[in-house]
Protein chains: 2
Amino acid sequence: MSKLQAPRGTRDLYPKDCAWRNFLLDAWRRVSIRNGFEEVDGPIFEHLDLYKVKSGDGIVSELFHFEDRGGRELAIRPEFTPTLARMVAAKANALPRPIKWFCVPNLCRAERPQRGRLREFWQWNADIMGLEGATADAECIFTVVDLMQELGLEPGHVRMKISHRTTVKDILLKLGVAEDKLLSAFDLLDRRDKMEPEAFTQAAAKLGMEPDRVERFEQMCRCKYPCGELDQLREQTGIQNLADLEQLDAQLQAFGIADWCEYDLGIVRGLAYYTGTVFEVHEASGALRAMAGGGRYDQLVELFGGPSMPAVGFGMGDVVLSEVLIDKGLMPDDVSPCPDVFIVAASDTGATQVGPIASKLRWKGIHARYSYKTTRNVGKLLKEAATARSRFALILGDDATNGKAELKNMETGDQQVIALADLEKLVTGA
Amino acid sequence: MSKLQAPRGTRDLYPKDCAWRNFLLDAWRRVSIRNGFEEVDGPIFEHLDLYKVKSGDGIVSELFHFEDRGGRELAIRPEFTPTLARMVAAKANALPRPIKWFCVPNLCRAERPQRGRLREFWQWNADIMGLEGATADAECIFTVVDLMQELGLEPGHVRMKISHRTTVKDILLKLGVAEDKLLSAFDLLDRRDKMEPEAFTQAAAKLGMEPDRVERFEQMCRCKYPCGELDQLREQTGIQNLADLEQLDAQLQAFGIADWCEYDLGIVRGLAYYTGTVFEVHEASGALRAMAGGGRYDQLVELFGGPSMPAVGFGMGDVVLSEVLIDKGLMPDDVSPCPDVFIVAASDTGATQVGPIASKLRWKGIHARYSYKTTRNVGKLLKEAATARSRFALILGDDATNGKAELKNMETGDQQVIALADLEKLVTGA
């Protein structure tokens, strides 16, 4: 290894990168909070067994795991859901319901880094627990859409694709899949984009579907049904009872996000634990991995030793989201904080006042910087203030010891002699 | 292990705990930014070898380390400084100087959890690299003090204790310690509070100090010298050349923080890499571990393969800081975000409008919540709004479908009939 390199699949966040990371985390937090979610967090590592509860032993090879000196098997968190379920289960009786929690953890997966997938990344999670029905599902979907509009995305950029396990199950049963093969069928559906058509048809036949029915099903999955047009879906699939989807559909329209949403029966979500609504957000061209995914998983908390508790939630990573924002020109060029005042010394006498004035401003909450250069060339120093994107520049000359200086508004270019006693007021506009 | 428990020495942050954690992180960020530092971050794990560069092989037992599938030895970060040095070294020529960076990472240490020390914790780091002299040292010290005043602490609560490696070295040489035993002497000094007096005297004798000199030195270390009173220190120690401390002293006074600071030659900081000023913040009674510590370490970047670069910085953990704030009554009871509006339905007709109105408000950036209860008892529902600490409650009755509702200011108790079209304006005060 080189001493100078970050481990494979991880990122060094220099100031500009870190500002972008914070820009996304802040947006996730802001949108979560205004949608009534409360932030939680958990340990960066958990007992290895916790991850086996939901995902079986197969998960271990995807984890960074280790033993502590006491011989405990631990693993860096690859997802937050097991921690969430554990935390809810541990205090299930004390927590007022519904529980609406979000978090913005960093997660690690021991997989091969590739486009859209890194070994360490940040993921927004939000979950509503203890509330049944379409309102909670619609709130989660709304929250994801709210985040996208917050970042400047539009319905033409991204699609919220929604399906429902019950509806797909009804279709599969109708097409000849046996009840005990439904999970295998979901799994097959989830993998179909990565399979050759013949391999898919063969696998489907093994699950009890005749070739013509496979084709019919494929067709249903390729169709997209706009929000508010469930009749089309009913007609195409022949499924009459769409009660759950109908309630969800009404809520999505009431929440004003119908134009972002569509029904897509090809959305399965690999995970076996989903029990109702499932959804994914995709960039409209479909070229990238899903930007977000979620759904209802009513048995999860019970699985972790808690009471039976309905739950719905989603996750959204930072990697694909960033790609989409950059691609659409929606990632601001520089989101680093701008100084309020940049102080420069026009003379040696002025220089003696730089530190004391900067300290006073900072102490009062004002973002103050100054040049560490020894030059007294004000033109050069003002360029440094401009590079730092400061709102004001304060120029300290010989008069500084008499309480006077020049203040330049870096946006308008206005420059005036001021009394240093008025500086705070002038800078904060208070 | 219990499925329900967080691993030993880690914390589950439920909403109130997470809000406190964020309260500290936000304060660290706010103070760093106004003092001109830029935020950076790095991977949660690094190559294990990176940590041996600074601390030798002995560090390994204190780390959570593991191998990835490619056989790379990795470790969860126990501190940020090696990552910082690596990042600076990797781009040393491209980065404008001075480099002023801060970060607020979570760190993990495989040690026995005890009071003030957990296995996972958050630590504020800020560093100034590429700048020699007392100004940078004083800026770091000022930034720590600025954080403390930001959180409501006062000079009577906490002491910024400052020493200087050169001064202590001069004293030790004068007392008979050989040049090649200086590092051992620093190490001994650092451990003296945990030693029996006789053991200390014996160890000091081995380093070349006569018993009466050990006592004299002990006395010097017990004395505290106020900022602005270096003559006392000169008199007591007999060291005439205090040039570095004098410059620092002048800066601390110019920055207006003399009353927070004192010179304490007993402050050593265990780490061998400090080369000049060292400092620690202690709760005034001295009962707790150091709240923060730092100093100048001019050879660090070079050690990691970068160019020679002067550097000064500090770290402050969240655990002892929280203890002190709680102890002084300075940890706010509840720092969770308050809703702007809490919507309640006084009738079934009103209930149909709750979701649509909440969505509209949220979409516009307003923090809106609503009751999930089916009761139409407005008194009960308003209690829920009060528990959520909402600024306003919006009461939707039959008139809601005609665009009218009642808005209650939860602070003043004022309640008025409003047009729903004016809601956003009324709530934001815009």
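Residue numbers start from 1 in every chain, and the chains themselves are labelled A, B, ... in the order their sequence lines are given, proteins ahead of strands.
Of the listed residues (A/Arg30, A/Lys16, A/Lys373, A/Arg119), the greatest number of heavy-atom pairs within a distance under 4.5 Å of chain B belongs to A/Arg119. No other option in A/Glu73, A/His65, A/Lys100 has as many heavy-atom pairs under 4.5 Å with chain B as A/Lys100. For the options B/Pro356, B/Gly42, B/Pro339, B/Ala19, heavy-atom pairs under 4.5 Å to chain A are most numerous at B/Pro356. With chain B as the partner, the residue from A/Gln251, A/His367, A/Glu67 showing the most heavy-atom pairs under 4.5 Å is A/His367. For chain A, the option among B/Asn35, B/Ile33, B/Asp68 with the highest count of heavy-atom pairs below 4.5 Å is B/Asn35. The choice from A/Thr83, A/Asn22, A/Leu131 that makes the most heavy-atom pairs within less than 4.5 Å of chain B is A/Asn22. Between chain A and the residues B/Ile44, B/Thr10, B/Thr143, the most heavy-atom pairs under 4.5 angstrom are made by B/Ile44. Most heavy-atom pairs under 4.5 Å with chain B: of the set A/Pro96, A/Pro82, A/Gly36, A/Gly9, this distinction falls to A/Gly36.
For chain B, no part of A/Leu361 is nearby; none of its heavy atoms comes within less than 4.5 Å. Heavy atoms of B/Tyr370 lying under 4.5 Å from chain A belong exclusively to its side chain. Residue A/Arg362 touches chain B through both its backbone and its side chain, counting heavy-atom pairs closer than 4.5 Å. Only the side chain of A/Trp101 comes within contact range of chain B, with at least one heavy atom under 4.5 Å from a heavy atom of that chain. Neither the backbone nor the side chain of B/Arg97 has a heavy atom closer than 4.5 Å to any heavy atom of chain A. For a residue to count as touching a neighbouring chain, one of its non-hydrogen atoms must lie under 4.5 Å from one of that chain's; by this rule B/Cys108 touches chain A with the side chain only. Within the 4.5 angstrom heavy-atom criterion, only side-chain atoms of A/Gln149, from C-beta onward, approach chain B. The parts of B/Glu46 that come within reach of chain A are both its backbone and its side chain, each placing non-hydrogen atoms under 4.5 angstrom from that chain. With a threshold of 4.5 angstrom between heavy atoms, B/Tyr372 approaches chain A through side-chain atoms but not through N, CA, C or O. At a 4.5 Å heavy-atom cutoff, the contact between A/Ile76 and chain B is made by side-chain atoms alone. In this structure, the portion of B/Pro98 lying under 4.5 Å from any heavy atom of chain A is its side chain and not its backbone. For A/Glu150, no part lies under 4.5 angstrom from a heavy atom of chain B. If you measure heavy-atom distances from A/Thr135 to chain B, the contacts under 4.5 Å come from the side chain alone. Using a 4.5 Å cut-off between heavy atoms, A/Ile366 touches chain B through its backbone atoms (N, CA, C, O) alone. For B/Ile357, no part sits under 4.5 Å from any heavy atom of chain A, backbone or side chain. Only the side chain of A/Asn106 comes within contact range of chain B, with heavy atoms under 4.5 Å apart. Looking at A/Leu74, only its side chain comes within 4.5 Å of chain B, counting heavy atoms on both sides. For chain B, no part of A/Val31 is nearby; none of its heavy atoms comes within less than 4.5 Å. Using a 4.5 Å cut-off between heavy atoms, A/Pro337 contacts chain B through its side chain alone, with no backbone atom that close. In this structure, chain B has no heavy atom under 4.5 Å from any part of A/Asp17.
Counting heavy atoms of neighbouring residues, nucleotides and ligands inside a 6.0 Å radius, atom CZ of B/Arg112 does not exceed 12 of them. Counted within 6.0 Å of NZ on B/Lys360, heavy atoms from surrounding residues, nucleotides or ligands total 12 or fewer; the atom is thus considered open.
Using a 4.5 Å cut-off on side-chain heavy atoms (C-beta onward), A/Arg369 and B/Phe37 make no contact.
The aromatic rings of B/Phe66 and A/Phe66 sit parallel, their planes meeting at an angle under 30°, below the 60° perpendicular limit. Between A/Trp363 and B/Trp260, the ring planes lie perpendicular to each other; the angle is over 60°, past the 30° to 60° tilted range.
Using a 4.0 Å cut-off between charged side-chain N and carboxylate O, B/Arg86 and A/Asp12 make a salt bridge.
Formation of a donor-acceptor pair under 3.5 Å by the A/Arg69 side chain with backbone atoms of B/Ala110 is found in this model.
At a cut-off of 3.5 Å, with distance as the only test, no side-chain donor of B/Glu39 or A/Tyr14 sits close to an acceptor on the other residue.
Minimum interatomic distance between B/Cys18 and A/Asp41 (heavy atoms only, all atoms of both residues): SG-N, 4.0 Å. Scanning all heavy atoms of the two residues, the minimum distance from B/Ala6 to A/Pro43 falls at CB-CG, 3.9 Å. Residues B/Ser359 and A/Phe142 come closest through the heavy atom pair O-CZ, 3.3 Å.
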